Amino acid sequence: MPHVRSAAERDNGTGGDVTPGTPSPTHGARVRQRKRSSDVPSDVNKTNGANLLLNDQNKYKSMLIRTYSSLWMMAGFVFLIYMGHLYIWAMVVVIQIFMASELFNLLRKANEDRQLPGFRLLNWHFFFTAMLFAYGRFLSRQLVNTVTSDKLLYKLVSGLIKYQMFICYFLYIAGFVWFILTLKKKAYKYQFSQYAWTHMILLMVFAQSSFTVANIYEGIFWFLLPASLIAINDVAAYFFGFFFGKTPLIKLSPKKTWEGFLGASVTTMLSAFVLANFMGHFQWLTCPRKDLSTGWLHCDPGPIFTPESYDLPGWIPWREVAIMPIQWHALALGLFASIIAPFGGFFASGFKRAFKFKDFGDSIPGHGGFTDRMDCQMVMAVFAYIYYQSFVMVQDLSVETILEQILRNLTFEEQHDLYEQLGKLLTRGN
């Protein structure tokens, strides 16, 4: 009686006995195999409707490691929030250095690097040049307000601010010349690919994440709320997908499910509304920092953080409810964090698949590298900055803005003349 192979054996082209008189694969007969997608796990096609992550044998071990590392990161994050703006900025710089290191190492070839001494140092030259350019522009006002009491330091900083663009351009050109002088025969293709890769890293890391620092100094609220919403969305998507996920969302990330995506979206929107109200009561979070000091902050929170009363329908037990205007803005941030920001993660997933590696690094147990955790955060930081500048910030001519313009455009002698003339005007007014 001929042996009948199972469906799994027919799909794989293996297993089962060979029937008598049938040519075996070793005798030249082709065994037809159904092509199986490498993007979606086989469990997705099972007829029993099993959840995607619940079939993973190592699910609880992976979740435990991820939970422990998340708690440690959260504790460190809360401590830095308590310490203040300058320390949060330092954290962002450290994360950027880790991200750059992970990305620089991705496409490196050890045998090529050994033949190009100093080539790796060139990448970091471009990195710190980009850092000086980005932070010099964003923090010029804070630098000025910090050193106004010291005349020598004031002159130095005002000169750096005025010529910052030229200094950064000169440093970049120096790196460009350095690159040309280090070109070696038989390594041109590798060197130019690394040069292009370095500039893409600078674009992805600095053009986006440097906006985070601007958000910090507009008020920790504008850094903390967007970052928290991304973390909440990520955790909620993981748990909703873990327990309820059945329908694949996108082939770039096989374990992402529609159930996780929709559950995370609702959770993120609700969290945005509630967190905005909670954070809005703390001046430490809402006040902008106008210098690089670390002292406690006191300011007028403004109407956006002042609760407004709304009358409720008669069938609701409460007559009215107090809602801060910032909570409506928080819904816009929550909508972006739950629908658009995840595409930063999808982009990173597609990139990793293109180059056939699982994670950008292994710096964070259970999470991969810093780049794996920051892909959505960078997209969110840019949106938060643009949203704040477009819809929230009050466009007024502050003393700090005028002082910054004076330092940028007037020489020290002209500034001294302006000081004397202002003194005369104020004396006459009295």
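All values reported here derive from a predicted model rather than from experimental measurement.
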Ignoring hydrogens and angles, tell me if any N or O in the side chain of Gln327 forms a donor-acceptor pair with the backbone of Ala276 under 3.5 Å.
-> no

Within-4.5 Å side-chain heavy-atom neighbours: Pro226 and Asn215 = no

Within-4.5 Å side-chain heavy-atom neighbours: Lys256 and Phe346 = yes

Close side-chain approach of Phe179 and Phe119, heavy atoms under 4.5 Å | yes

Could you walk me through whether Met324 and Phe273 pass the side-chain contact (heavy atoms from CB on, under 4.5 Å) check?
-> CA-CA 10 Å; Met324 294 181 179; Phe273 196 76; over 6 Å; no

List for me each residue that meets side-chain hydrogen bond (donor to acceptor under 3.5 Å, both in side chains) alongside Gln377, sequence neighbours excluded, and say none if there are none.
-> none

Evaluate the side-chain proximity of Leu103 to Thr371: yes if any heavy-atom separation is below 4.5 Å, no if none is.
-> yes

Would you call the rings of Tyr195 and Phe192 parallel, tilted or perpendicular, where under 30° means parallel and over 60° means perpendicular?
-> perpendicular

For the pair Gln142 (side chain) and Tyr217 (backbone), establish whether a donor and an acceptor sit closer than 3.5 Å, ignoring hydrogens and angles.
-> no

Do Trp284 and His298 make the cut of ring centroids closer than 6.0 angstrom?
-> no

Gln191 side chain to Lys184 backbone, donor-acceptor under 3.5 Å | yes

Give the ring-plane orientation class for Tyr387 versus Phe383, where under 30° counts as parallel, over 60° as perpendicular and anything between as tilted.
-> tilted

Heavy atoms, side chains only, cut-off 4.5 Å: are Leu262 and Phe240 in contact?
-> no

Do the side chains of Met279 and Leu224 get nearer than 4.5 Å, heavy atoms only?
-> yes

Test side-chain contact (heavy atoms from CB on, under 4.5 Å) applied to Tyr135 - qualifying residues, sequence neighbours left out = Trp89, Val92, Val93, Gln96, Met131, Leu139, Phe206, Ser210, Val213

Heavy-atom side-chain contact between Ile323 and Asn277 under 4.5 Å | no

Indicate the ring-plane relationship of Trp124 and Phe127, choosing parallel, tilted or perpendicular according to the 30° and 60° boundaries.
-> perpendicular

Indicate the ring-plane relationship of His416 and Phe412, choosing parallel, tilted or perpendicular according to the 30° and 60° boundaries.
-> tilted

Taken in chain and number order and not counting sequence neighbours, the residues that satisfy ring-ring contact (aromatic ring centres under 6.0 Å, His included) with Phe282 are Phe278

